[in-house]
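Below is one structure, written out as structure tokens; the observations come after it.
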Amino acid sequence: MKNIFRIAVLGVLGLIIQSCGNGGSSDEKSGALTSNAADRVYVAPGEHDEYYAFLSGGYSGNLTVYGLPSGRMLKEIPVFSQFPTNGYGYSEETVPMLNTSFGFVPWGDSHHPDISQTNGELDGRWIFINENNTPRIARISLETFETEEIIEIPHSAGNHSSSFITENTEYVVAGTRFSVPYPQEDMAIDQMKGNFKGPLTFIAIGDDGKMSIDFQLKMPGFNYDLSHPGRGDSHGWFFFTTYNTEEAHTMQEVNASQNDKDFIAAVNWKKIQEYVQNGGGEEIDAEYAHNYFDHSTQSATTTMESKVLTVDPREVEGAVYFMPTPKSPHGCDVDPTGEYIVGNGKLSTDLTVHSFSKMLKAIENEDFEGDAYGIPILNFDSTLAGTVKEGGLGPLHTEFDGKGNAYTTFFISSEVVKWKLGTWEVLDRQPSYYSVGHLMIPGGNSREPYGKYMISMNKITKDRYLPTGPELEHSAQLYDISGEKMELLLDFPTHGEPHYAAGIPADKIKSKSQKIYRLDENEHEYAATSESETKMVRDGNEVHVYMTTVRSHFSPDNLEGIKVGDKVFFHVTNLEQDFDVPHGFAMIGANTSELLIMPGQTKTITWEPKKEGVWPFYCTDFCSALHQEMQGYVRVSGQNSNVPLKWTLDDEEIN
Amino acid sequence: MKKSGILMVIGSVLLLGLFIYPLWNIQLEAPQYPDPLGMNIYISGIQGEEEFDIQNIDGINHYIGMKKIPTPAEMWEFNTFPLVIGGMAALGVLLGILGFFKVIGPNWFLGWLILMTILGILGMVDFNNWLTDYGTDLDPKAIMKLTDSEGNPLSYKPPLLGSQKILNFTAHSYPRAGAYLMFAGMLLTLVAWWVGKKATKGRS
Ligand SMILES: [Cu+2]
């Protein structure tokens, strides 16, 4: 019976797609492609792109860096997943980055990157990104392009409406998509309704970027999907879309799609901030990891935290309201002026736009149509600014060009639609290939968008590239949005599953990009900053090897006195101080990964030799003409042997 | 003689620019070094253009067995040159003042210039000798021993003046601000002599 129902739904959707599509263009693969597109995306060899784009990796757990308009991938930054390519999450220094209250978690699902802001404009200091599965927020430096900090979000599940940033980087928020018992407890699943909660966590950002949980708002157990901060006049507010206000605990596909309207939650965080500063809220038990990477010691540490401040939204007068918004809205997007809040009702053809000033008036007039768990529900008509009619089918997400236009993705009808703020008229529509999720305009969710390019991140790739078997990379498309009509310029494959991206003019960050780590600032406990400092130290069955690399040898390169059953720590310092001269380190049979060590850095990998013999190690990075010669040997003796520790270079002992 | 004395003083003082600015500069450009590695040669020592350039030049040069770039303590020149330049500047200023008060005639200025020119040439010869030694006295255990078509070991001597290809690098060797100030100063002392000469002639 259920299957028949589903087939019927699909049939209806099919019909709508036919009628909503942009007639005819679907049989021309290049669609809106313009004639001189190649020129406009061509970045000549040696030239730089105009924009950086940071795309989330979705189930890769990482963040990838692209250049626009070329669509060239520049880097993959490991964040929530182990990355054997450079040893992240394997090296002793970075293992703590992946610690959680559940222990070491080697993988994550990264979703929504957002760049730090000052006065609502991108300032390019850091980029934040959320992990959906084991709720965490990470901060990545835009000087080193490395993950510096990861904080776990306690009492949350499905950290999806995250990691969006207020206009002076006061807070990064982390919402809850899968409401859960708060705090966790053993209870019957069908008791969810009314008993589960959807906490919204506000993480304060220090001047040095350091994160700390300021408070957690104990919201009703809806599913908080996406969010955006207010800006300008609406600065001080945060808006969250919800779905499953039905609070269904099973077959949500159907059961969470019954209400005609869900809500956008409007949260006056300034009020709550004041409330907690005046001693409001209740400190409750929580268990969460806070991992911090210190650049001077080049090592991460985990601190387990045990308390969090929880705030009942009903206790703070005028802090939280619900705005009814049709059909399970996904994206929650605020225009650059801060006046319009767009709810992208993903099961509808229309977009609902709320007005911030009307919302304030409705609050003042207590124009409520009821309440949900004691939180006032504002009258739908009194906050409504307008509706974008028949935009397409399945609106997901909207960004802005700073010229009064908005761009919305429509997943089901697979297109991007440009419309005008205020008049709500549809100005243009272009197909996406296929089923676009989010889109990104550099700065498009800030007060100052750079409205030249837009990329769509598509969920289905199918035939866009040479086939590579059943599993395909996802695809993005680049559009020129500087003119009246959007123009499709380029397709490029992406890595993992980008859910969202953040872009910034290259000039804002490229000159700050670090070239090397200074050896004279290396305070790693086991660093050897010259060859004369290299040595071996035994501590029980642990052997610490202080090793260095320089083109093109290791010091020491002959090591003896290691025994089966030892745990060997190779602490490898790269003595180079030249840009882009990394060295690698790989040990035969290591159950860890390789190391890729940047100039001036120290990294550590462990090796537990299991067999007697003489075992080689080598440099994995083609560092120089003598790279092939960059190798060495470790002699492994029997458990009871008494071969003394001996470390040499060129047959000379080092001291 | 007043004008001539003043010119002599200015010309001599310009030599002191060598204490602030480099005398010479050698840049090494290669495909892998789009930002060339560079060393500035001062009268008191050699410094990298960028902080780690010397270290990186040494690192590359070890493959072909070249010695490390010397520190001031390793070359007597870096102690002697400042004394010579300082001494010559002081002497020039003294002569200029004496000329200004007509204690001495302009030919003393010419004498100073000839002495300075001789010292300068000796300095250049010495510098060139060092470059030759640096570029040809190679470690016999060098990783790469390259020979020319006749089987002789390659010389890695950078040019004294101009640009030259050495393996994958192109070396550019040119004077810098310190040298230009010195040349300008020496030219001024020549003018001082000439002006002084004309002035004394006119009076007699
Ligand atoms: Cu190497």
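Side chains are part of it too, since the values below use all heavy atoms of this structure and drop only hydrogens, waters and symmetry mates. Numbers restart at 1 for each chain; the letters A, B, ... are given by sequence-line order, proteins then strands.
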Discussion item. Any non-hydrogen side-chain atom of Phe52(B) less than 4.5 Å from a side-chain atom of Glu576(A)?
Written reply: no

Discussion item. Using only non-hydrogen atoms and a strict under-4.5 angstrom cutoff, which residues of residues 509-517 of chain A touch chain B?
Written reply: Lys515(A), Ile516(A)

Discussion item. Between Glu50(B) and chain A, with a heavy-atom cut-off of 4.5 Å, which part of the residue counts as in contact: side chain, backbone, both or neither?
Written reply: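 Neither part.
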
Interface residues of [range] facing chain A - heavy atom cut-off under 4.5 Å:
{"range": "residues 15-43 of chain B", "answer": "Tyr33(B), Asp35(B)"}
{"range": "residues 106-144 of chain B", "answer": "Lys141(B), Ile143(B), Met144(B)"}
{"range": "residues 166-196 of chain B", "answer": "none"}

Item to complete: Sort Leu575(A) into side chain, backbone, both or neither according to what part of it lies under 4.5 angstrom from a heavy atom of chain B.
Response: backbone

Atom [atom1] of [X] with >12 non-hydrogen neighbours under 6.0 angstrom:
{"X": "Glu525(A)", "atom1": "CD", "value": "no"}
{"X": "Tyr618(A)", "atom1": "OH", "value": "no"}
{"X": "Lys3(B)", "atom1": "NZ", "value": "no"}
{"X": "Asn152(B)", "atom1": "CG", "value": "yes"}
{"X": "Lys2(B)", "atom1": "NZ", "value": "no"}

Item to complete: Over all heavy atoms of both residues, which pair between Gln577(A) and Asn56(B) is shortest? Give the atoms and the distance, please.
Response: O-ND2, 3.5 Å

